[in-house]
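Worksheet for the structure shown next.
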Protein chains: 2
Amino acid sequence: MAATRHDHRRCVSNALGAAALLCRRRGARLTSLRAGVLEIVWRGHAPIGAYAILERLRREHGQAAPPTVYRALDFLLAQGLIHRIESMNAFIGCPRPAEAHGGQFLLCTLCGTAAELADKRVEAALTTATARAGFRVEARVVELRGLCRVCTAAEARHAG
Amino acid sequence: MAATRHDHRRCVSNALGAAALLCRRRGARLTSLRAGVLEIVWRGHAPIGAYAILERLRREHGQAAPPTVYRALDFLLAQGLIHRIESMNAFIGCPRPAEAHGGQFLLCTLCGTAAELADKRVEAALTTATARAGFRVEARVVELRGLCRVCTAAEARHAG
DNA sequence: GTTTCATATGTTATGATATAACATTACATC
DNA sequence: GATGTAATGTTATATCATAACATATGAAAC
């Protein structure tokens, strides 16, 4: 079951445009290789692994080795343009790269899509809980696997 | 900087005792190999990787190969006796194996210790946020890296 | 108490993910 | 155009995880 229907070309071009703008403002170099990797990551709304990116990159850009991909991914992560999904060893485009980071990811086990939340109450609760423990948070990983809205509805229909 | 001082032998023996009891109640077989792996995991309060476990196992039990370790880990995970720390590809003993699962982990980047929380407000906030998104959660990964209380205090002293 | 079966473990090989180390190229600045 | 930094190419290897099949162990039936 795919995610909600939409014109995905707009997702991609919006993301690439925003990335170019952000990098220009920051003096970071979004080279064609890096932009190519970002574009590959953005082709789907499901996280993609480094070696899957590598395959595509080889077809389209010619030579490429694992470090080629990992270095581009490191750059994109540092700029907040993508996120790493720890529980999948995979990467997903960030829909709001200009804003503060470390959202919550909803990973559908059926259709594979990843959605990013930035829920204030979740973040506040985490802040309170960690503060009480005397813990100073530097990075958050919040990944929830389960069934997305579309797949839940589809399953309910079939169960009928 | 190590975690809070305590008699760690009691941690280990408590954990092994609780595990034996739980498995007996459930009709699950906590074999000597599995108990050995659990004991190795419990030796520290820092997550340990599968290959580090393998090394120790080889010294102490003789032959062992990666599947030996991964199978034991799979069993211990299924019984809720350990947790996998996704962002580290490592494993940590669960201090409350009898209770409901999926806590929040505080991972200190300085001393390496992992602490497990089970904060009701965090869990409630996650439930609310995911429900609003129409997402049905099956498993949660919440891992927070940063400085633990002890290391924060130590750092503050040195910064003097 | 031995047969039987399911479960656990041994063993070999390989797949999947990630990085180290060093050579070369491209690009901005002077 | 010279110069230095950042980016990329290239080879090799480290690290994490599982497939597939052989063997052994232990509980339950007989």
Side-chain angles (χ1 to χ4, degrees), chain A residues 19-20 23-41 46-79 81-92 112 141 143, chain B residues 19-20 23-41 46-79 81-92 112 141 143:
Chain A
C23 287
R24 191 161 333 120
R25 282 217 296 253
R26 293 171 181 165
R29 290 171 56 192
L30 185 64
T31 64
S32 76
L33 179 64
R34 290 163 171 174
V37 169
L38 182 59
E39 190 266 328
I40 289 170
V41 169
I48 183 172
Y51 281 73
I53 294 169
L54 179 58
E55 265 185 41
R56 287 160 180 69
L57 204 59
R58 276 183 170 144
R59 280 199 219 107
E60 297 159 28
H61 292 241
Q63 25 52 327
T68 312
V69 171
Y70 280 102
R71 285 193 289 227
L73 290 171
D74 285 346
F75 171 86
L76 298 171
L77 285 168
Q79 297 299 324
L81 300 171
I82 62 172
H83 293 287
R84 179 179 164 85
I85 304 299
E86 295 291 346
S87 61
M88 298 178 71
N89 296 329
F91 303 86
I92 185 80
V141 174
E143 299 174 7
Chain B
C23 287
R24 191 160 335 117
R25 282 217 296 254
R26 292 171 181 168
R29 291 171 56 194
L30 185 64
T31 63
S32 76
L33 179 65
R34 288 164 173 174
V37 169
L38 182 59
E39 191 267 327
I40 289 169
V41 169
I48 182 173
Y51 280 74
I53 294 169
L54 179 57
E55 264 185 42
R56 287 161 181 69
L57 204 58
R58 276 181 170 146
R59 280 199 220 106
E60 297 159 30
H61 291 240
Q63 21 58 325
T68 311
V69 171
Y70 281 103
R71 285 192 289 226
L73 291 171
D74 285 345
F75 171 86
L76 298 170
L77 286 168
Q79 297 299 324
L81 299 171
I82 62 172
H83 293 286
R84 179 180 164 86
I85 304 299
E86 294 292 346
S87 61
M88 299 178 71
N89 296 331
F91 302 86
I92 185 80
V141 174
E143 299 173 7

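Values below: all heavy atoms of this structure, side chains included; hydrogens, waters and symmetry mates excluded. In this text, all values refer to a predicted model and were calculated from it rather than measured experimentally. Order of the sequence lines sets the chain letters (A, B, ...), proteins ahead of strands, with each chain counted from 1.
Side-chain proximity of B/Pro67 to the nucleotides C/dT11, D/dT10, C/dA18 is greatest for C/dT11. Closest to the side chain of A/Thr68, from the set C/dA18, D/dA17, D/dT10, is D/dT10.
Distance check: B/Thr68 OG1 to B/Ile53 CD1 gives 12.0 Å after rounding to the nearest 0.5 Å. The structure places CZ of A/Arg24 at 14.5 Å from CZ of A/Arg29, a figure rounded to the nearest 0.5 Å.
Phosphate proximity of D/dT25 to B/Thr31: absent, as no side-chain N or O sits under 4.0 Å from OP1 or OP2. Neither OP1 nor OP2 of D/dC16 sits under 4.0 Å from any side-chain N or O of B/Arg84. Neither OP1 nor OP2 of D/dC16 sits under 4.0 Å from any side-chain N or O of A/Asn89.
Atom CG in A/Leu33 sits roughly 6 Å away from atom P in D/dG9 (whole-Å rounding). Between the CG atom of B/Leu54 and the P atom of C/dT9 there is a distance of 15 Å, given to the nearest Å. Straight-line distance from the OH atom of B/Tyr70 to the C1' atom of C/dG10: 17 Å, rounded to whole Å. Taking atom CG of B/Leu76 as the reference point, atom P of C/dT9 lies 10 Å away to the nearest angstrom. In this structure, the CG atom of B/Leu57 is 13 Å from the C1' atom of C/dG10, given to the nearest Å. Atom CZ in B/Arg34 sits about 15 Å away from atom P in D/dT25, given to the nearest Å. Atom CG in B/Leu73 sits roughly 9 Å away from atom P in D/dA17 (whole-Å rounding). Whole-Å rounding puts the B/Met88 CE to C/dT17 C1' distance at 17 Å.
Nearest-nucleotide positions on DNA chain D place A/Phe75 closer to the 5' end than the other of A/Phe75 and A/Ala65. Judged by closest nucleotide on DNA chain C, B/Ala72 is the one of B/Ala72 and A/Gly49 placed further toward the 5' end.
The two residues B/Met88 and B/Pro47 come nearest to each other via the heavy atoms SD-CG, 3.9 Å.
B/Arg71 comes within contact range of at least one nucleobase, with a heavy-atom separation under 4.0 Å. Residue B/Arg29 is classed as a sugar-phosphate contact, given heavy-atom separations below 4.0 Å to backbone atoms only.
In this structure, B/Tyr51 forms an aromatic stack with the base of D/dC16, since both conditions hold: centre separation below 5.5 Å and plane angle below 30°.
Between B/Phe91 and the choices B/Ile82, B/Leu38, B/Val37, the side-chain contact (heavy atoms from CB on, under 4.5 Å) rule is met once, by B/Ile82.
Between the side chain of B/Glu143 and the backbone N or O of B/Glu86 there is at least one donor-acceptor pair closer than 3.5 Å.
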